[in-house]
Amino acid sequence: KTDSELENGRCPIHPNREIELNEEENYFFKFSALQERLLKFYEENKNFVIPDFRFNEIKSFVSRGLEDFSISRLKSKMAWGIPVPDDEKHVMYVWFDALTSYISTLGWPNDKESFEKFWVNGTPVQYCGKDNLRQQSAMWQAMLLAAELPTSKNIVINGFVTGEGGIKMSKSIGNVVSPVDLVNEYGTDAVRYYTLREVSSFEDSPFTVARFKEAYNANLANGLGNLVSRILKMSSENLGSAPEILIDTIPDKFKELLEQFEIQKAADFVWQKISELDGFIQKEQPFKLIKENKEEGQKMILSLLEELYRVAIMLQSLLPETSAKILLLIKENKMPEAPLFP
């Protein structure tokens with residue numbers, strides 16, 4: 001930790017740990033020499049770090065001046081590390097080595113075809129927590145610039161998931177909740193739902209099992225699951241064979257939000273549609289209209305089925321298992337045999 005990373009002399013992520021001062025000989029990366037190139041790069045790439053307030057934070061950090069940072073450790077203290085070239089007494093510091101895996105996993109420097117396809121000609125986007133802002137958006141980019149390699153396309157910075165009392169979930173603190181246990185009880189898509197919609201895309205967000213259950217019941221069991229059952233009950237009872245639905249368009253607003261990495265808002269957009277369909281059924285009562293005017297009632301039910309299909313298409317990127325189930329039920333024009341979300 002550098003002095004600038006500490007708050008009141010402590011690591012802000014591990015405030016209960018004492019800072020230890022150690023002295024040893026290391027190799028350093030000449031970070032200070034890349035300041036102007038980094039600032040120019042930021043100026044030319046206006047949306048490089050998302051969200052804006054994190055971009056402002058890293059630009060401010062770089063503009064204040066950069067210190068060279070250590071990239072090796074003594075092998076006598078860390079025997080398992082990767083050797084420093086031409087110096088058997090040192091191994092590479094794991095953080096420096098880890099950053100290079102973004103491109104080495106694509107074959108660099110040997111498999112140029114994969115590297116060119118995915119990194120040079122692709123749009124490599126990296127996600128990280130806010131405590132990795134410097135490493136990902138400044139140090140790593142400086143490493144790439146120094147090696148004359150293309151930079152990342154975007155760095156998206158998440159907040160922390162917090163437990164009781166607003167404290168960051170951490171293995172060292174011991175306030176974690178196992179996602180595997182949640183998946184085993186509620187299914188993968190339920191956990192995906194909470195992560196994508198109930199957790200902020202960029203800010204810290206609380207998680208407790210009680211909050212999870214509340215969101216599950218309100219928005220999955222009684223929300224999406226109930227809507228699917230209501231529409232498919234009306235459809236299967238009143239439309240005969242499965243209708244042909246040719247809609248394959250995704251609303252522009254939904255795509256726009258995803259392209260801006262506003263995943264939470266994209267999920268909100270889908271649930272707004274779910275709420276609107278629920279409201280429409282409550283107001284227009286197609287299950288009553290069909291008894292009075294069969295043709296008009298069938299048109300209304302078909303319209304609802306088409307809108308449910310559109311919801312399922314949007315859910316392909318959010319809740320893929322649930323989306324596949326809904327699309328199959330629409331294709332077969334039948335109610336789910338069991339609730340989508342018990």
Side-chain angles (χ1 to χ4, degrees), residues 186-190 192-194 196-198 213-260 262-342:
Y186 295 95
T188 306
D189 275 6
R192 286 177 65 100
Y193 165 80
Y194 193 93
L196 297 175
R197 186 170 184 231
E198 304 296 331
K213 289 180 178 179
E214 182 180 344
Y216 175 93
N217 286 322
N219 299 312
L220 293 178
N222 297 326
L224 176 60
N226 186 50
L227 178 70
V228 170
S229 293
R230 293 178 77 184
I231 292 178
L232 283 162
K233 184 177 190 298
M234 290 186 289
S235 174
S236 60
E237 290 178 352
N238 296 288
L239 295 186
S241 59
E244 184 178 9
I245 297 178
L246 301 176
I247 297 172
D248 61 356
T249 56
I250 293 176
D252 289 339
K253 181 63 176 177
F254 180 75
K255 289 191 287 187
E256 179 184 317
L257 289 169
L258 287 183
E259 287 165 1
Q260 294 171 350
E262 294 277 8
I263 299 174
Q264 185 182 40
K265 290 182 180 179
D268 284 343
F269 180 87
V270 178
W271 259 263
Q272 178 61 35
K273 295 296 181 186
I274 291 168
S275 178
E276 290 172 3
L277 290 175
D278 260 330
F280 181 86
I281 294 171
Q282 291 290 104
K283 180 182 178 181
E284 302 298 334
Q285 299 185 326
F287 46 86
K288 287 186 179 179
L289 177 63
I290 195 89
K291 297 173 183 176
E292 302 162 4
N293 187 328
K294 185 175 180 180
E295 185 177 347
E296 287 302 312
Q298 285 180 325
K299 284 183 181 179
M300 190 176 291
I301 292 169
L302 179 59
S303 176
L304 284 167
L305 200 62
E306 289 175 344
E307 289 304 312
L308 180 62
Y309 183 91
R310 199 187 303 273
V311 165
I313 292 294
M314 288 189 285
L315 285 175
Q316 282 180 324
S317 57
L318 304 176
L319 311 183
E321 292 180 4
T322 302
S323 171
K325 289 177 183 177
I326 297 172
L327 291 172
L328 181 60
L329 289 168
I330 292 174
K331 182 179 179 181
E332 297 178 347
N333 196 32
K334 68 178 186 180
M335 281 186 65
E337 295 177 0
L340 289 179
F341 300 97

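Here the structure is a predicted model, which is why all the values come from computation and not from measurement.
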Residues Phe254, Ile313; criterion side-chain contact (heavy atoms from CB on, under 4.5 Å); working and verdict
CA-CA 11 Å; Phe254 180 75; Ile313 292 294; over 6 Å; no
Heavy-atom closest pair (Ala312 atom, Ser323 atom, distance to 0.1 Å) is O-OG, 2.6 Å
Least distance between heavy atoms, Met314 atom then Val270 atom:
CB-CG2, 4.0 Å
Give the minimum heavy-atom separation between Gly223 and Asp278, together with the two atoms involved.
O-OD2, 4.3 Å
For the student: nearest non-hydrogen atoms of Leu319 and Tyr193, plus distance:
CD2-N, 3.7 Å
Side chains of Pro336 and Ser229, heavy atoms from C-beta outward: is any pair under 4.5 Å?
yes
Interatomic distance, Ile301 atom CD1 to Leu308 atom CG [nearest 0.5 angstrom]:
13.0 Å
Considering only heavy atoms from C-beta outward, does the side chain of Gln285 approach that of Phe287 to under 4.5 Å?
yes
Would you call the rings of Tyr216 and Phe341 parallel, tilted or perpendicular, where under 30° means parallel and over 60° means perpendicular?
perpendicular
Starting from the C-alpha separation in whole Å, work towards a yes-or-no answer on side-chain contact (heavy atoms from CB on, under 4.5 Å) for Asn219 and Ile274.
CA-CA 9 Å; Asn219 299 312; Ile274 291 168; over 6 Å; no
Any Gln264 side-chain heavy atom under 4.5 Å of Leu196 side chain:
no
Check whether more than 12 heavy atoms from other residues, nucleotides or ligands sit under 6.0 Å from atom CD of Glu292, and answer yes or no.
yes
Close side-chain approach of Arg310 and Lys273, heavy atoms under 4.5 Å:
no
Taking all atoms of both residues into account, what is the closest heavy-atom pair of Gln298 and Ile290, and its distance?
N-CD1, 3.4 Å
Counting only N and O atoms by type, is there a donor-acceptor contact under 3.5 Å from the side chain of Ser236 to the main-chain atoms of Leu232?
yes
Value for CG (Leu328) from NZ (Lys334), rounded to nearest 0.5 Å, stands at 7.0 Å
Within a radius of less than 6.0 Å around CD of Glu214, do more than 12 heavy atoms belonging to other residues, nucleotides or ligands occur?
no
Answer yes or no: is there a side-chain heavy-atom contact under 4.5 Å between Glu296 and Met300?
no
Would a distance-only check, ignoring hydrogens and angles, find a side-chain to backbone donor-acceptor pair under 3.5 Å from Asn217 to Lys213?
yes
Pro286 to Ile281 - nearest heavy-atom pair and separation
CD-O, 3.8 Å
Chi angles and distances behind the salt bridge (Lys or Arg N to Asp or Glu O under 4.0 Å) call for Lys255, Glu259:
CA-CA 6 Å; Lys255 289 191 287 187; Glu259 287 165 1; over 6 Å; no
Using side-chain contact (heavy atoms from CB on, under 4.5 Å), reason through Ile250 and Gln316 one step at a time and then give a plain yes or no.
CA-CA 11 Å; Ile250 293 176; Gln316 282 180 324; 5.7 Å; no
If we only count heavy atoms from C-beta on, is the Trp271 to Val311 side-chain gap below 4.5 Å?
no
